[in-house]
Each structure stands twice: as structure tokens, then as C-alpha cells.
Trainee: 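Have a look at this one before I ask anything.
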Amino acid sequence: MDIEEFRKAGYQAIDRICDYYSSLQERPVVSQVQPGYLVNTLPSHPPEQAEEFTSIADDFQKLILPGITHWQHPNFFAYFPTACSLEGILGDLYSSSVSNPGFNWLSSPACTELEQVVMDWCAKLIGLSEHFLNRTGVGGGVIQTTASEAAIVVCVAARARYIREHPDAKLEDLIIYTTTQTHSLGVKAGLVLGLDVRGIDVKPEDEYGLRGEALRQALAEDLARGRRPFVLIATVGTTSSGAVDNLEEVGKVLKEHPSIWLHVDSAWAGVAMACPEFRTYGKIDAINKYAESYGTNFHKWGLVNFDASMLWVRNRTNLTDALDVTPEFLRTKQHDAGLVVDYRNWHLGLGRRFRSLKVWFVLRRYGVTGFQNHIREGVKLNEYFASLIRASPDFELVTTPSLALSVFRLTLPSTATFKDQEAAHAAQNELNRAFHARVSTESDKIFLTQTKLNDTFCIRFSVGAQRTRKEHIDSAWAVIQANARAAAHEWLRSQSTAAGA
């Protein structure tokens, strides 16, 4: 492809991307294809001869788009949002045009220095303290691929620090602390590092957040049997319900155990701290006081295209001491003189994408005010959805709504009777499984995901797509109500049949 061919193909690509977003609302939310649709369609070998690019681009429309679940669809309320702003798309296009591995400053100085700048911008945007800024030369921020990888990086650094401070410690005695509501990233870190993970129980009466006393009890139990907790992964905004660990209490407990690293994962909720009114919810003061590291994903609710997972550390040498591998062929005079950051020593891989460019594009285009407006709109729409749940006798909120997330379930029909509370609980779980299964059959109209809080099956409703408006909440509510009525009717009929038998 020569320059003029590229220019023509690029114009067509931009036109088709614009057409895609213009027609997004008319597309099914979830891909309607069946497993194997593409594997069974494409040839089993690459083409022997070059193909015309027009046919390749046409096949994207014909073969690939039908297999895409549209995470930016205004009726996408599953999981958490995945951002894809037009500014971010252009940022990715420009960064791809200057492709480089970015493993040290010399490989492309702009890649390193822009990341240093935008990480400080983002830290200030969400209210992190001075000690997390790159410009201090002590702490700093780095863009990771995902919050899961950030957690692994943190656990590697925390383990290395703990071993330095306790050279007699055996690896088999080390243990990672999470809670029973922590994202699976904690368990994944344990699997990767070959370490045990303990999920500390959290309770419904605490809104599924970790309390200091529960942590203190776990520490006493593990230390008494010779185990060595070295890191706690706490959460602000859990995946299941948006729960927030009590970081004030947790931080005070860990002050008595200074060798235990406190990492706060706020992958979804962290960007909401751009709005000062949400910082109390997000425990930003406790984070600034107690956390060794903090992470949030701008590629979820933060308008930046995947991937852009931000990780800040209080002391950057904890990362570099654990991860610095510098063979002779990677040495540079700038690094040896201590003049630059080489980000390869801040994460697991060697090469890295030029992610900071799209972050820069988005933050400049939206500004702080535009970014805050986006977050506030998501919270406002979720508050509206929660009001519909509260006003309906057929539904109930399982937890207090958290920013742009509500967790709810269908109530049992008033005519249903049970021998005890345990039977009623089991029946309500069964009813809600049936309800979710019915809603899932209408995945062309709406996409919701389920979760379990301890032993309670419930449905999550997560707002955050950039194009979602009040009318989309209303249309989703209509689908939810219709399927709830049908599920309740079928469930009552099955109960009646079972009783008659």
C-alpha cells in the first residue's frame, strides 16, 4: 500500500467508523452469532497472493462486525463500561502511526515524558496527593494494560520489599490478603506468583466492605500459625456491588504492621473521584494517608479507549528494585546518569504501547469540566434507575446504589409461602436465575449481568456508556418489567405443578 492508497483507505475507514457510531443504537447490543461462526467461515490458511485492501475492509463489515458485542451501545448495562471516545480513537490512530516499543526513554523520548505528564494530570484530576506524582522523583504513575496486571506488578514489588525486610521469610509462608468480594485479580496474582490467597469475609450489614476488626482477626490467626501476610488488595467499588472497604480502619490496623503493603484497586470507581463530591465515598483521604499504591482504569468509565490502566506508587524504587533488569544492550547514558525514567522497569513486560497519547487527547478535548459532566451524568442516570426499582413492589435493591451501579433482584410473589427462611431464600434465588435467563434472551435489546453476594443471586445494572440517556433507562426498564412478569408467572405455575405432584 502506497501513501495515496493509504489516504483513500483511511478516508473510507473514518467514514465507516462514523457510520457505525451513527447507527449504533439500531444494532443488537450483544452479538447474535453462534460459536464457531467465524472459524468455520474463514479459510484455514493465509492467502498465497496479496488481496485488494477494499475486499479486506469489506470483510470487516461483513464478517467481523456481526461478531462484535457493542460495549459502547447505549443499552449496554453489563459488567462495567468500556470507554471508546472518538478522541481516543484518533489518539490510537496517531500512536499507531509512530509505532515503537517504548521500553526506555531513548526509544522515543516523547512516549516516556508524555506518560509522566498525563499520569500527573490524572493524579491531580482524581485528588491524589503530591507523593504519588512523577515530578517528585520519589513516587509516580505508570500506565499498565489492566488492573489485573497492575495487581500482579504490585504483588511482585510487595513480595520483594517484604523479603528484603525479612530475609528469613519462606515463600511458602507468604500470603496475599483480599476479601471475598475482591475482583478475581487477587486470586490470579496468587496463581501467577505461586502464593496463597486469603479472602477475608465481608458482611451484608457492612455493605460488603472490609472492616478493620475483620482484618485484625485474620492477621492474628495467620501470624499465630506462622503465615506471613505481605500485601492487602483493598477495593473502592467492587465489581459485584460497588462496595468500598473501610480504608480508615484498615489503614490504622496496617500501621501496626508496616511490612504489609496496602494496594487499593479502584478500577471502575476511581475516575469518579474527578468530582470532589464523590471523594468521601472513594476514601481519597485514607488512600493518600495509607496506601502504598493505587490503581484505576480510565478505559472503563474514563472516556479513554482500552487499554489505559493507571497505577500510582508512593515509592517508585519498590517497583524498580523488584523489576529492573538492564542488560548491556538496554543501557543508555541518560538512564545511567539518572536523568530519565525507563518505564520497562515499572511493569512486567519489556515493550509497551504509546498509550499516553490517547489519554492526552481525551483530557485536552474534554477538560476537567467535561470529564466531570460525563461522570455526573452516569451517576444521575443510575439514581433514576434506582428510583424505579424503589417505586416498584416487584423489585428490591440488594445493596445501596454505588455511583453508576445498582444491584437488584425480583421479589417473591406475595402469594408464595415457604416452610422457613432458608427455603424462601433458595426460592428467591431460583426465581431470579429464571428472570435473568429470560432477560438474556433479549440481548439484542439490553445486556445485564448477574452476580452473587455471599449466597444471594442478584442482577447488576451498570450505567456508563457515553451515549446512554434517560430514554435508554426507560426502555431498559420496560424490558426488565416485562421479563419479570413473565418469569414470576412461569415460576408460580411451576410451583403449583410441583405442589400438585
Trainee: For the residue pair Ile233 and Cys155, what are the closest heavy atoms and their distance?
Mentor: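 Ile233 and Cys155 have their closest heavy atoms at CD1-SG, 4.1 Å.
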Trainee: Considering non-hydrogen atoms only, spot the tightest contact between Ser31 and Thr69 and give its length.
Mentor: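 So the minimum-distance heavy-atom pair works out to N-OG1, 3.2 Å.
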Trainee: Can Asp265 and Thr235 be counted as having a side-chain donor-acceptor contact under 3.5 angstrom?
Mentor: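 The answer is no; no qualifying pair exists.
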Trainee: May I ask you to decide whether Glu277 forms a salt bridge with Arg376, counting only side-chain N to carboxylate O separations under 4.0 Å?
Mentor: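 Judged by the 4.0 Å cut-off on N to carboxylate O distance, Glu277 and Arg376 do form a salt bridge.
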Trainee: Does the ring of Tyr290 carry Arg314 above it, NZ/CZ under 6.0 angstrom from centre and within 45° of its axis?
Mentor: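 Judged by the rule, Arg314 and Tyr290 form no cation-pi pair.
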Trainee: Would you please test Tyr162 and Trp261 for ring pair (Phe, Tyr, Trp, His ring centres under 6.0 Å) and show each step?
Mentor: CA-CA 9 Å; Tyr162 190 90; Trp261 181 305; over 10 Å; no
Trainee: Would you say the side-chain atoms of Asn454 and Thr456 include a donor-acceptor pair closer than 3.5 Å?
Mentor: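 Asn454 vs Thr456: no donor-acceptor pair found between side chains.
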Trainee: Give a yes-or-no answer on whether the side chains of Thr320 and Asn345 include a donor-acceptor pair shorter than 3.5 Å.
Mentor: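 No, because no side-chain N or O of Thr320 sits under 3.5 Å from a partner of the opposite role on Asn345.
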Trainee: Going from NE2 on His73 to CZ on Arg467, what distance comes out if it is rounded to the nearest 0.5 angstrom?
Mentor: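 These two atoms lie 11.0 Å from each other.
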Trainee: Between Trp360 and Val117, does a side-chain contact (heavy atoms from CB on, under 4.5 Å) hold up when you go through it step by step?
Mentor: CA-CA 9 Å; Trp360 191 50; Val117 170; 5.7 Å; no
Trainee: Quick one, Val142 with Glu115, criterion side-chain contact (heavy atoms from CB on, under 4.5 Å). Give me CA distance, side-chain angles, the key distance, then yes/no.
Mentor: CA-CA 7 Å; Val142 56; Glu115 185 161 341; 3.6 Å; yes
Trainee: Is any side-chain heavy atom of Asn297 closer than 4.5 Å to a side-chain heavy atom of Thr146?
Mentor: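 They are not in contact (no side-chain heavy atoms under 4.5 Å apart), so the answer is no.
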Trainee: Please determine whether the number of non-hydrogen atoms from other residues, nucleotides or ligands lying under 6.0 Å from atom OH of Tyr94 exceeds 12.
Mentor: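 No, the 6.0 Å shell around OH holds no more than 12 heavy atoms from other groups.
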Trainee: Roughly how far, to the nearest 0.5 Å, is CZ of Arg161 from CG of Leu319?
Mentor: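 Between atom CG of Leu319 and atom CZ of Arg161 there are 11.0 Å.
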Trainee: Taking the side chain as every heavy atom from C-beta outward, state whether Asn134 and Phe132 have any pair of such atoms under 4.5 Å apart.
Mentor: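 In short, these two side chains do not touch, never coming nearer than 4.5 Å.
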Trainee: Given side chains that start at C-beta, do those of Val264 and Asp245 come closer than 4.5 Å, heavy atoms only?
Mentor: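 Val264 does not reach Asp245 side chain to side chain.
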Trainee: Let's go through Trp71 and Phe447 carefully: what are the C-alpha distance in whole Å and the side-chain angles of both, what is the deciding distance for side-chain contact (heavy atoms from CB on, under 4.5 Å) to 0.1 Å, and is it a yes or a no?
Mentor: CA-CA 9 Å; Trp71 287 66; Phe447 191 21; 5.7 Å; no
Trainee: Does the side chain of Ser309 come within less than 4.5 Å of His299's, by heavy atoms?
Mentor: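 They are in contact (side-chain heavy atoms under 4.5 Å apart), so the answer is yes.
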Trainee: For the residue pair Phe371 and Phe298, is the inter-centroid distance of their aromatic rings smaller than 6.0 Å?
Mentor: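 Yes.
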Trainee: Is there a side-chain contact between Met273 and Thr296 in this structure, where contact means two heavy atoms from C-beta onward sitting under 4.5 Å apart?
Mentor: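 In short, these two side chains do not touch, never coming nearer than 4.5 Å.
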Trainee: Identify the two heavy atoms, one from Val359 and one from Cys122, that lie closest to each other, and give their separation to 0.1 Å.
Mentor: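 The pair with the smallest heavy-atom distance is CG1-SG, 4.0 Å.
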Trainee: If you count heavy atoms of other groups shown closer than 6.0 angstrom to CD of Glu422, is the number above 12?
Mentor: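 For Glu422, atom CD is not crowded (no more than 12 foreign heavy atoms under 6.0 Å).
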Trainee: Determine whether Phe230 and Ile260 make a side-chain contact, defined as any pair of heavy atoms from C-beta on separated by less than 4.5 Å.
Mentor: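 Heavy-atom side-chain distance check fails, nothing below 4.5 Å.
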Trainee: Are any of the side-chain heavy atoms of Ser443 and Val29 separated by less than 4.5 Å?
Mentor: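 Answer no - side chains too far apart.
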Trainee: Can a salt bridge be assigned to the pair Glu87 and Lys358 using a cut-off of 4.0 Å between side-chain N and carboxylate O?
Mentor: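 No.
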Trainee: Answer yes if the side chains of Arg460 and Thr449 hold a donor-acceptor pair under 3.5 Å, and no otherwise.
Mentor: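 Yes - a donor-acceptor pair under 3.5 Å links their side chains.
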Trainee: Does the side chain of Phe77 reach to within under 4.5 Å of the side chain of Ile446, using non-hydrogen atoms?
Mentor: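 In short, these two side chains touch, coming nearer than 4.5 Å.
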Trainee: Looking only at side-chain N and O atoms, does Glu377 offer a donor or acceptor that is under 3.5 Å from a partner on Thr468?
Mentor: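 Their side chains do not contain a donor-acceptor pair, so the 3.5 Å distance test is not met.
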Trainee: Are Thr182 and Thr179 linked by a side-chain donor-acceptor pair shorter than 3.5 Å?
Mentor: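 Note: Thr182 and Thr179 side chains meet the donor-acceptor criterion.
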Trainee: In Å and rounded to the nearest 0.5 Å, what is the CG to CZ distance from Asn432 to Phe395?
Mentor: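 The distance works out to 8.5 Å.
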Trainee: From Glu130 CD over to Asp120 CG, what is the distance, rounded to the nearest 0.5 angstrom?
Mentor: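 Taking CD in Glu130 and CG in Asp120, the distance rounds to 8.5 Å.
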Trainee: CD1/Ile200 to CZ/Arg211 distance, rounded to the nearest 0.5 angstrom?
Mentor: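 It comes to 13.5 Å.
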Trainee: I need the minimum non-hydrogen distance between Asp342 and Trp105, along with the two atoms involved.
Mentor: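 Where Asp342 meets Trp105 most closely, the heavy atoms are OD1-N, 2.9 Å.
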Trainee: Would you kindly say whether Thr238 and Gln181 are connected by a side-chain donor-acceptor distance under 3.5 Å?
Mentor: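 Result is no, nothing qualifies.
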Trainee: Can you confirm whether Tyr20 is buried at OH, in the sense that more than 12 heavy atoms of other residues, nucleotides or ligands lie under 6.0 Å from that atom?
Mentor: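 Counting neighbours around OH of Tyr20, more than 12 heavy atoms of other residues, nucleotides or ligands fall under 6.0 Å, so yes.
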Trainee: Atom CD in Glu396, atom CG in Leu410: separation rounded to 0.5 Å?
Mentor: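 If we round to the nearest 0.5 Å, Glu396:CD and Leu410:CG are 9.0 Å apart.
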Trainee: Using the rule given for side chain to side chain donor-acceptor pair (under 3.5 Å), can you reason through Glu213 versus Gln217, listing the C-alpha separation, both sets of side-chain angles and the distance that settles it, and then say yes or no?
Mentor: CA-CA 6 Å; Glu213 189 53 41; Gln217 182 179 342; over 6 Å; no
Trainee: Testing the basics here: between Leu193 and Arg159, what is the closest heavy-atom pair and its distance to 0.1 Å?
Mentor: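 Residues Leu193 and Arg159, closest heavy atoms: O-NH1, 3.8 Å.
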Trainee: Mind listing the side-chain donor-acceptor pairs of residues 300-308 below 3.5 Å, one per line with the distance, residues two or more places apart or on another chain?
Mentor:
unit_1 : atom_1 : unit_2 : atom_2 : d
Asn305 : OD1    : Ser85  : N      : 3.3
Asp307 : OD1    : Arg353 : NH1    : 2.9
Asp307 : OD1    : Arg355 : NE     : 3.4
Asp307 : OD2    : Arg355 : NE     : 3.3

Trainee: Below 30° counts as parallel, above 60° as perpendicular, anything between as tilted: where do the rings of Phe408 and Phe385 land?
Mentor: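 Plane angle over 60°, so perpendicular.
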Trainee: What is the minimum heavy-atom distance between Ser240 and Leu405, and which atoms define it?
Mentor: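 In terms of heavy atoms, the two residues are closest at O-CD2, 4.2 Å.
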Trainee: Is a side-chain donor-acceptor pair under 3.5 Å present for Arg352 with His347?
Mentor: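 Side-chain D/A pair, His347 to Arg352: present.
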